[in-house]
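Scroll down for the structure; my scribbles are underneath it.
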Amino acid sequence: MQVGERFIIDGRTVAKEVRSEVAERVAALRRMGVVPRLCVCLVGDDPASQVYVRNKDRAGVGAGLEVETHTLAATTATSELLALIERFNRTDEIHGILVQLPLPEGMDTQAVLHAVDPAKDVDGLHPANVGALWRGEEGLVPCTPAGCIELLDRSAIPIEGKRACIIGRSALVGKPVAALLLQRNATVTICHSRTPDLPARAREAELLVAAVGRAELVRGDWVRPGAAVLDVGINRGDDGRLVGDVAFAEVREVAGAVTPVPGGIGPMTIAMLLQNTARAAARQSGIAWESLTPQP
Ligand code: NAP
């Protein structure tokens, strides 16, 4: 990125690149007799979850993965889901397990996340993977945070030495993004609902990540001129339109680079899920991921 240049980060195009690289590696795995297979558990009939699962299925198949979706009733007992996961854990032909969140009220989400074999935990939410991430050890990294870093890298936006501010501290997005930025030598501030003077904290950042779930919370005057802004939020506006956590029209006038919603982080999340599944399949089959790199 040149000084003074402004651009909109095109997550769709970058995600397509990642997906096609994953597809090449999946083809190489298939030639070696490994068919990467992802099992998705969808519990209940939340319409947004149904859309997400359909998109994952479609993208997975497009990249040459086998995707099985197991749909369970909202009234399913936690023990029944645990038994299903245990079966997937023991099946060698299944390399990735994803439980679509949120689970219906009354289900024990923690028990479910803890039950997934860490080697198959393509959402990176098992405590073993969370610990590995913070210790800088090899493990599976949550898809949205991994997508944020991949998008910065492929947009040639430097991370090392930058002041980063993340708004949101969830286990799914905020905290793992912080861990990844820290690993890449950014200086990281994590903000949340109790942070005093949030706009001032945000304005200090050269890299600003919004993962809040509040439509257009981040205004133009929260952004340092030239900063890179990643908008993770997905919210429905009053008119039913999808909007991010960032007031896009204002922020694009100030930021050096900004992701749109839709078409920013969302597509990257799915691309990283496919990559995690293919990586997990390679690792479980004793094949080095690097050895699958397409030859020039
Ligand atoms: P979450 O678990 O609800 O966490 C939201 C975080 O934002 C919390 O840490 C909360 O602080 C903080 N927060 C809430 N209101 C705030 C405010 N007014 N000022 C400052 N901080 C505030 O949500 P999440 O799972 O991280 O998801 C965040 C957003 O990203 C949602 O819109 C979600 O739909 C979206 N998302 C998108 C993708 C994708 O693929 N693009 C993937 C996952 C999530 P406290 O901790 O103090 O409560």
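All heavy atoms count here, side chains included; hydrogens, waters and symmetry mates do not. Both counts, for ligands and for their atoms, begin at 1 and track the order of listing.
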How close does the nearest protein non-hydrogen atom get to [atom], and which residue and atom is it?
atom                    : value
atom 31 (C) of ligand 1 : G213 CA, 3.7 Å
atom 13 (N) of ligand 1 : V212 CG1, 3.4 Å
atom 44 (C) of ligand 1 : V173 CG2, 3.9 Å
atom 1 (P) of ligand 1  : S170 CB, 4.1 Å
atom 42 (C) of ligand 1 : T144 OG1, 3.2 Å
atom 40 (O) of ligand 1 : T269 OG1, 2.8 Å
atom 35 (C) of ligand 1 : V232 O, 3.5 Å

**Asked** Step by step, would you call K56 with Q100 a side chain to side chain donor-acceptor pair (under 3.5 Å)?
**Response** CA-CA 11 Å; K56 287 169 185 174; Q100 183 65 42; 2.8 Å; yes
Atom [atom1] of [X] with >12 non-hydrogen neighbours under 6.0 angstrom:
X    : atom1 : result
D238 : CG    : no
D45  : CG    : no
R219 : CZ    : yes

**Request:** Report the member of K175, H192, R236 with the shortest heavy-atom distance to atom 21 (N) of ligand 1.
**Result:**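 Closest candidate by heavy-atom distance is H192.
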**Message:** Strictly distance-based, threshold 3.5 Å: is any side-chain N or O of T277 a donor or acceptor partner for the main-chain N or O of L273?
**Reply:**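 At least one qualifying donor-acceptor pair exists.
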**Prompt:** Can you tell me if D245 uses its side chain to pair, donor with acceptor, with the backbone of L217 under 3.5 Å?
**Reply:** no
State plainly whether the residues [X] and [Y] are in salt-bridge range, i.e. N to O under 4.0 Å.
X    : Y    : value
R37  : E68  : yes
E66  : R30  : yes
E21  : R154 : yes
D153 : R184 : yes

Under 4.0 Å from a heavy atom of [X]: which atoms of ligand 1 are those, numbered in the order shown and with their elements?
X    : result
N235 : 32 (O)
G266 : 40 (O), 41 (N)
G168 : 6 (C), 7 (O), 9 (O)
L198 : 19 (N), 20 (C)

N or O contact, [X] vs ligand 1, cut-off under 3.5 Å:
X    : value
I234 : yes
S193 : yes
R169 : yes

**Asked** CD1/I265 to SG/C148 distance, rounded to the nearest 0.5 angstrom?
**Response**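 Those atoms lie 4.0 Å apart.
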Once you restrict to heavy atoms under 4.0 Å, what part of [X] touches ligand 1? Side chain, backbone, both or neither.
X    : answer
M268 : neither
L172 : side chain
T195 : neither

**Message:** Show, in sequence, the C-alpha distance, side-chain angles and deciding distance for D10 and R12, and conclude whether the salt bridge (Lys or Arg N to Asp or Glu O under 4.0 Å) test is met.
**Reply:** CA-CA 6 Å; D10 181 357; R12 282 201 185 104; over 6 Å; no
**Message:** Yes or no: does A211 have any heavy atom under 4.0 Å from an atom of ligand 1?
**Reply:** yes
